[in-house]
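Notes for the one structure printed next.
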Amino acid sequence: MAKTKKQIIEDLKLIDIVVEILDARIPLSSKNPDVEQYSKNKKKIVVLNKSDLADENVTKQWVQYFEKREITAIPMQSNIAKGTEKLINEIKKQAQEISEKYKEKGRIRYTTKVMVVGIPNVGKSTFINSLTKRKTAKVENRPGVTQKKQWIKLGDNIELMDTPGMLWPKIGDENVGMHLAFTNNISKNAVDNEEIAYYLLKYLLENYPNNIIKRYDIDEVNPENIIETMEKIALKKGCIMAGKRIDTEKVSNMILNDFQTGKIGRISIEKP
Ligand SMILES: Nc1nc2c(ncn2[C@@H]2O[C@H](COP(=O)(O)OP(=O)(O)O)[C@@H](O)[C@H]2O)c(=O)[nH]1
Ligand SMILES: [Mg+2]
């Protein structure tokens, strides 16, 4: 069962380094604004996950964006453990800094504790698995805390809490909800797929027209007329109902699914 917000805040009290997992395609919309508040005075690492689905150049710009804010952001593809090495090295570097601080205070040995947070479906479990596959050593349950927690050893004096903190995104403005729907980060029945696909196609035609032309084998696209392009795609892909009417539902689901599985190419929805 997912931890409650209260439990997450409690857990974070034990933590030195917070690893915030974001979706590389939508780093702003996949943030939970509370993380900043909860992780004050802690070190932070941002993981730009699913970077295999994002536009490589844009992801580089995001890394710089975070760098300017003195946050290390690491592009990853958790499902194949790509980027894991770099991530571990960054954790080790930060853990070193932490233990030096403790040494100054007279403590000889300090175990740095790391926790993963992120919104649903962003890849938290996959990320933790990508780390545990490397290092399977599990640490004993820690006595003295009310809840039993499992810790995964990541290195000398570094432990990762094995359950991530699942936090909800803040769907304040409409764009955020739309972007989360594009990437399948909000529950299916909460959204109207035809509306989502319309706005996704609009964005793609304005920003990645050639990807659409290539994927659906159409001669040209008209960013001014989304419906026209959608009809072209439907005809090409046989999304037709009786009476030769366009099957809007079918073509919408196809476009969404193609985008989410990377079939339209590597696409970033948000740019710094
Ligand atoms: N393409 C791609 N898919 C990923 C990546 N990381 C996770 N996923 C997929 O994203 C989905 C959600 O992952 P999961 O770890 O369950 O997310 P959680 O809800 O945050 O724990 C799963 O289908 C994963 O296989 C990645 O880096 N690239
Ligand atoms: Mg999970």
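We count ligands from 1, going down the list as the structure has it; atoms in each ligand are counted the same way.
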From the candidates N49, N129, L48, the one that places a heavy atom nearest atom 6 (N) of ligand 1: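 When every heavy atom of N49, N129, L48 is considered, N49 comes closest to atom 6 (N) of ligand 1.
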
Closest protein heavy atom to [atom], given as residue, atom name and distance to 0.1 Å:
{"atom": "atom 8 (N) of ligand 1", "value": "K50 CE, 3.8 Å"}
{"atom": "atom 18 (P) of ligand 1", "value": "K124 N, 3.5 Å"}
{"atom": "atom 7 (C) of ligand 1", "value": "T126 OG1, 3.5 Å"}
{"atom": "atom 27 (O) of ligand 1", "value": "S78 N, 2.9 Å"}
{"atom": "atom 17 (O) of ligand 1", "value": "G123 N, 3.1 Å"}
{"atom": "atom 2 (C) of ligand 1", "value": "N79 ND2, 3.4 Å"}

Sub-3.5 Å N/O-N/O distance, N121 and ligand 1: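 Yes.
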
Backbone or side-chain N or O of L53 under 3.5 Å from ligand 1 N or O: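 Not met; the criterion fails.
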
Cluster check I227, M178: I/L/V/M/F/W/Y, side chain < 4.5 angstrom: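 Yes, one cluster joins them.
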
Side-chain donor/acceptor of [X] to backbone N/O of [Y], under 3.5 Å:
{"X": "S51", "Y": "A24", "value": "no"}
{"X": "N49", "Y": "V122", "value": "yes"}
{"X": "D23", "Y": "S30", "value": "no"}

Ligand 1 atoms in contact with D52 (distance to a heavy atom under 4.0 Å):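 Here the atoms of ligand 1 in question are 1 (N), 2 (C), 26 (C), 27 (O), 28 (N).
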
Atoms of ligand 1 close to Q77 [distance to a heavy atom under 4.0 angstrom, numbered from 1]: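 Per the distance check, 26 (C), 27 (O), 28 (N).
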
Aromatic plane relationship, Y65 with W62 - under 30° parallel, 30 to 60° tilted, over 60° perpendicular: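 W62 and Y65: perpendicular rings.
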
F259 and F182 aromatic ring geometry - parallel, tilted or perpendicular at 30°/60° bounds: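 It falls in the perpendicular class, over 60°.
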
Quiz item: cation-pi between K124 and F127, 6.0 Å / 45°: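 That pair does not qualify as a cation-pi contact.
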
The Mg ion (ligand 2) to nearest N/O/S of N121 below 2.8 Å: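 Of the N, O and S atoms in N121, none lies under 2.8 Å from the Mg ion (ligand 2), which means no.
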
Chi angles and distances behind the salt bridge (charged side-chain N to carboxylate O under 4.0 Å, His left out) call for E20, K44: CA-CA 7 Å; E20 185 181 18; K44 195 166 120 182; 3.1 Å; yes

Heavy-atom protein contact below 4.0 Å for atom 11 (C) of ligand 1: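 Within 4.0 Å: yes, protein heavy atom nearby.
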
Full working for salt bridge (charged side-chain N to carboxylate O under 4.0 Å, His left out) between D219 and K232: CA-CA 9 Å; D219 44 8; K232 273 190 191 169; 3.7 Å; yes

